Amino acid sequence: MNQTYKEIALSYSSKNLNVFPLQPLSNEPAIPLWEYFATTDMNQINEWWDENPNYNIGIQTGNGLVVIEDKNCKTIKNIPSTMMVSTPNNGFQLYYYVDRKIETKKNLYEDIDVYGENSYVLAPGSQLEDYSYYYALNRSISNANDIVYDFLNGEKNFVLESTDDSSENNITWTSALTISKQQLSGSSDIIEKLLPSGVVLFAAPAKTGKTFFCMQMSNTIANGGNFLGYQCHKGNAYYLAFEDPINNQIERLRNSSYQIEKGYDIEICPPYQNGFNLEEKIINYLHYNPNLKAVIIDTFEKIRENTERTYAIEYKEVTYFHELGLKYHISIVLVMHTIKNTNPENVFANISGSAGTLAAADGLLVMLKNKYNPQNKTLYIEGKNIPTDEIILTQDKQMSFQLLDININTEQIDPDLNLIIRYVISVGKYCGPIEKLGVAAKVEYMNGVHLRNLLDKNKEVLGEFFIKYTIPQRTTHSRLVSLVYFGADTIDDTNDSNDAMTQF
């Protein structure tokens, strides 16, 4: 079972090794004056990694610990076996306890560094952008012997033998077996299972609430809370508004049903700028807000310079934002429009552009009006390492989105009744022939008598799921039923005669 960074840091402190936090996916210290604050104190370690569970782990060297780093896989003969850690480019580090002061030395021998006083190394379990530090030999740290001390003193007659067969050839690959033994890093998702690092395309038709959706998402990232059932990693959200003037932003923020959070920042940008450089803006923003998590471009069309729409051009265009997102460990959300004639059977093909646009993206979000109940909206979700999902959303009077939870526990209910309950909750209401209800809900046993008896016997069960079941006056040969879900404020059951399902 994979350990968290905090658990790994605590395990080193239990071995009397001083640790401190490094920036996520980096070897840069996350605290000032780390050399004075590196510690074995468990309370302090808990506090650091509770603040940011993704901090890498630094181990302080000196004070009785020395680490020898061999960058070129040389064999050092006759030294004691000890804890060995694999490093990038097929190098390794050897840990030893010493009984004397050892200074930090760069290139003591060719491609060999020594980390001693006033220095540190990345601990096994730390993760760089494309590499994990892991145990090549997981054993106790040994005491240095005379051979080690001679080596550390830089004895001229010390023999180092390269393990490479040819100095002209370099190993540029890593075995799959070695990679499989590396520890997994923490999730890089900005919003778990919804918004990954890299680039995400968010598309919806005009006037369906794209901007309200993005504003609410940005505010929730700044809060670190729950966004429509998905957990956010707290950080700054940088919203670049290319469509709406400042007055629109002021009005929407003042009328929102949620508290505006510090860390949600907006910049009003003129559209169609010549030479618009997003990376420059990100670098400038990071100077003031290093915990940037997401950049929202509303809308993408307003910064596109190339008017050609071929697969190769659009793939390269979106790949630029993908690489930019990974470089700065953020999610770049490109807000887009859908095509005019949307196809609910192939929702992601509705995103405006060629297939190259979709292929280069790390995540896809498409929001369409719910095909059963236009008052609601369906958010379709797909991406790399992002589970395919779809959720039903409603909006309150302040236009904030709410999750319409239809993930109800119906495991112990008759399968046909289960399908009817889910269908009615998704559409809001149904009034019409019971046979058409069976077709719409996709029940297995389509017999009208069976379905009528099923509903009659389960009125209380329907009520538990906020579904009102009545039998309208019969006007045709068909058996009529009325099912109204009253668990959402948006449902109006006073005008069933206008429902499309009554046209039979």
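Just so it is clear, the model here is predicted, and its values are computed rather than measured.
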Heavy-atom side-chain contact between Asp389 and Leu194 under 4.5 Å: no
More than 12 heavy atoms from other groups under 6.0 Å of NZ on Lys302: yes
Only one of Asp189, Ile190, Ile332 passes side-chain contact (heavy atoms from CB on, under 4.5 Å) with Ser197, and that residue is Ile190
For Thr357 and Glu314, indicate whether the former's side chain and the latter's backbone hold a donor-acceptor pair under 3.5 Å. no
Find the distance between CD1 (Ile8) and CH2 (Trp49) and round it off to the nearest 0.5 Å. 10.0 Å
Give a yes or no on whether a salt bridge exists between Lys210 and Asp298, defined as a side-chain N under 4.0 angstrom from a carboxylate O. no
Aromatic ring centroids of Tyr95 and Tyr115 under 6.0 Å? no
Are the side chain of Asp396 and the backbone of Met399 linked by a donor-acceptor contact shorter than 3.5 Å? yes
Check whether the ring centres of Trp34 and Tyr120 lie less than 6.0 Å apart, and answer yes or no. yes
Using a 3.5 Å distance criterion without hydrogens, assess whether the side chain of Asn284 forms a donor-acceptor pair with backbone atoms of Glu280. no
For the rings on Phe276 and Phe242, is their centre-to-centre separation under 6.0 Å? yes
Say you draw a straight line from CD of Gln60 to CG of Leu17; how long is it, rounded to the nearest 0.5 Å? 10.5 Å
Nearest 0.5 Å, please: how far is CG in Leu152 from OH in Tyr96? 9.0 Å
Glu323 side-chain N/O to Val318 backbone N/O, donor-acceptor pair under 3.5 Å: no
Ion pair check, Glu117 and Lys101, cut-off under 4.0 Å: no
Any donor-acceptor N/O pair, Asn219 side chain to Gln216 backbone, under 3.5 Å: no
Look only at the side chain of Thr104 and the backbone of Gly116, and say whether a donor-acceptor pair between them is shorter than 3.5 Å. yes
Please check if atom NZ in Lys15 has more than 12 non-hydrogen atoms from other residues, nucleotides or ligands closer than 6.0 Å. yes
Kindly indicate whether the side chain of Tyr264, heavy atoms from C-beta on, has any atom under 4.5 Å from the side chain of Leu253. yes
